[in-house]
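One structure below.
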Amino acid sequence: MTDSNSLDTQQFGGCGAFLRAAREEAGLSLSEVGSRLKMPVKVLQALEGEQWQQLGAPVFVRGQLRSYARLLKVDVEPYLERAQLDMVQPVELISRSYTPKFQRLMESAQRRAIYVVITLCFFAVPAWLAIQSRNGDGGAPTASLDAMPPVSVPSSREAAPKERERSTLPAAPYVASMAPPISRPSVPSLNLRFRGESWVQIIAPDGTSIEQALLKAGDERSYAKGQVGRIVLGNAAAVEVQHAGSTVDLTPFQRANVARFAVSSEGSLAPVAD
């Protein structure tokens with residue numbers, strides 16, 4: 001290793017040249033020094049070339065120079081006193097454009113006006129459509145299931161040909177008003193819940209791959225009937241399989257904590273060979 005006394009400090013003009021000479025005397029390349037100090041080669045070149053402006057604030061430059069000197073086992077403090085690191089100034093940010101205050105206020109008012117218009121359209125249009133649908137006269141008349149249609153009694157002259165008709169139906173058909181049936185969400189045929197990390201492979205009935213990935217704890221996958229043809233679970237103990245809402249015991253399909261099973265078109269599970 002290099003000793004600080006083995007170099008004549010009077011022959012070097014600056015800190016960078018002193019460190020470069022110490023590195024060359026130690027027989028080290030820039031890449032070797034960069035690997036030891038965890039520094040890029042371009043940073044070491046800037047230190048040896050005294051290109052302080054490329055390295056940032058003076059406090060960081062001094063720290064890098066001291067780390068370099070400790071690796072080479074030389075004393076760099078006399079050079080730090082003479083180095084003009086305080087002359088390094090941060091890059092000054094200059095605004096390239098100026099917007100007058102009146103223009104900024106007008107742009108802000110325009111943005112607020114657009115926001116108000118969008119909000120009104122979002123709420124007013126659905127409300128107007130709902131009112132029109134309730135008050136519109138273009139649809140068929142509705143009547144309650146408990147209401148009876150009006151009955152017209154035939155006159156004596158019309159009673160003979162229509163003696164069997166007790167009433168006449170209205171010209172326009174009446175539509176019974178009732179609420180739409182409540183749709184119940186369908187329960188997925190197959191549901192996978194992961195309590196830990198598990199490698200999975202989901203294959204469709206036609207042999208194509210649906211998913212092949214490492215899933216984490218908290219992930220969940222659901223498949224409809226006829227969507228999956230075969231499943232492989234790498235860490236079966238960390239996976240809860242539910243078929244038609246019931247938890248499935250993976251023991252018949254499990255081998256060395258790897259579960260393999262096929263899913264029929266009806267949704268039933270069956271073990272498969274490796």
Side-chain angles (χ1 to χ4, degrees), residues 1-112 114-115 193-201 211-221 234-235 237-239 257:
M1 282 298 180
T2 305
D3 189 359
S4 61
N5 296 326
S6 62
L7 296 174
D8 185 6
T9 59
Q10 299 298 328
Q11 62 180 334
F12 303 109
C15 180
F18 174 70
L19 291 175
R20 180 170 56 252
R23 175 180 58 79
E24 293 175 352
E25 184 173 340
L28 298 175
S29 63
L30 285 174
S31 59
E32 292 174 341
V33 174
S35 177
R36 295 184 183 184
L37 293 179
K38 308 299 181 183
M39 289 185 185
V41 175
K42 62 180 182 180
V43 174
L44 298 174
Q45 292 175 345
L47 291 175
E48 293 183 355
E50 299 186 6
Q51 299 173 353
W52 317 128
Q53 193 65 37
Q54 300 180 6
L55 302 176
V59 62
F60 298 114
V61 178
R62 290 192 181 93
Q64 292 170 334
L65 291 173
R66 290 190 176 99
S67 299
Y68 200 169
R70 281 195 299 270
L71 175 65
L72 301 176
K73 294 184 179 181
V74 296
D75 185 14
V76 78
E77 294 300 328
Y79 292 93
L80 290 179
E81 296 177 358
R82 296 198 303 268
Q84 297 182 354
L85 295 177
D86 294 335
M87 299 299 295
V88 180
Q89 298 294 333
V91 178
E92 182 180 0
L93 299 178
I94 302 176
S95 177
R96 297 298 181 183
S97 62
Y98 172 74
T99 304
K101 183 177 180 180
F102 177 76
Q103 183 178 352
R104 292 198 304 269
L105 294 177
M106 290 297 297
E107 292 176 354
S108 178
Q110 291 176 358
R111 288 193 297 267
R112 293 181 181 179
I114 293 173
Y115 175 77
R193 294 179 180 177
F194 295 85
R195 297 188 297 267
E197 289 189 351
S198 176
W199 181 88
V200 300
Q201 184 181 21
E211 185 173 9
Q212 182 174 345
L214 178 64
L215 300 183
K216 300 181 180 180
D219 291 343
E220 186 173 350
R221 296 292 187 273
N235 184 13
V239 185
N257 204 19

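Computed from heavy atoms alone, side chains included, the values below leave out hydrogens, waters and symmetry copies.
Note that CZ of R70 and CG of L37 are 9.0 Å apart. Values are rounded to the nearest 0.5 Å. Atom CZ of F18 is separated from atom CZ of R23 by 13.5 Å, given to the nearest 0.5 angstrom. Here the CZ-CG distance, from R193 to L215, works out to 15.0 Å after rounding to the nearest 0.5 Å. Here the CG atom belonging to L65 is positioned 10.5 Å from the CD atom belonging to E48, to the nearest 0.5 angstrom. Remark: Q45 CD to M39 CE distance equals 13.5 Å, nearest 0.5 Å. Within the model, atoms CG of L72 and CZ of R20 stand 12.5 Å from one another, a figure rounded to the nearest 0.5 Å.
The shortest distance between side-chain heavy atoms of E197 and L214 falls below 4.5 Å.
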Do R111 and Y115 pass the side chain to side chain contact (heavy atoms under 4.5 Å, CB included) test, and can you show the C-alpha distance, the side-chain angles, and the key distance before you say yes or no? CA-CA 6 Å; R111 288 193 297 267; Y115 175 77; over 6 Å; no
Verdict with reasoning, L28 to R36, per side chain to side chain contact (heavy atoms under 4.5 Å, CB included): CA-CA 11 Å; L28 298 175; R36 295 184 183 184; 4.0 Å; yes
Might you work through the side chain to side chain contact (heavy atoms under 4.5 Å, CB included) test for V76 and Y68, ending with a clear yes or no? CA-CA 9 Å; V76 78; Y68 200 169; over 6 Å; no
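When all heavy atoms of S198 and G234 are compared, the closest pair comes out as OG-N, 3.7 Å. A pairwise comparison of heavy atoms in F194 and E220 identifies CD1-N, 4.4 Å as the closest pair.
Screening L19, L47, V41, L44 against V33 for a side-chain contact (heavy atoms from CB on, under 4.5 Å) leaves a single residue, L44.
With sequence neighbours excluded, no residue forms a side chain to side chain donor-acceptor pair (under 3.5 Å) with Q201. R195 meets the side chain to side chain contact (heavy atoms under 4.5 Å, CB included) test with E240; sequence neighbours excluded.
Under a 3.5 Å cut-off, the side chain of E50 and the backbone N or O of C15 do form a donor-acceptor pair. A donor-acceptor pair under 3.5 Å links the side-chain atoms of S67 to the main chain of G63, judged by distance alone.
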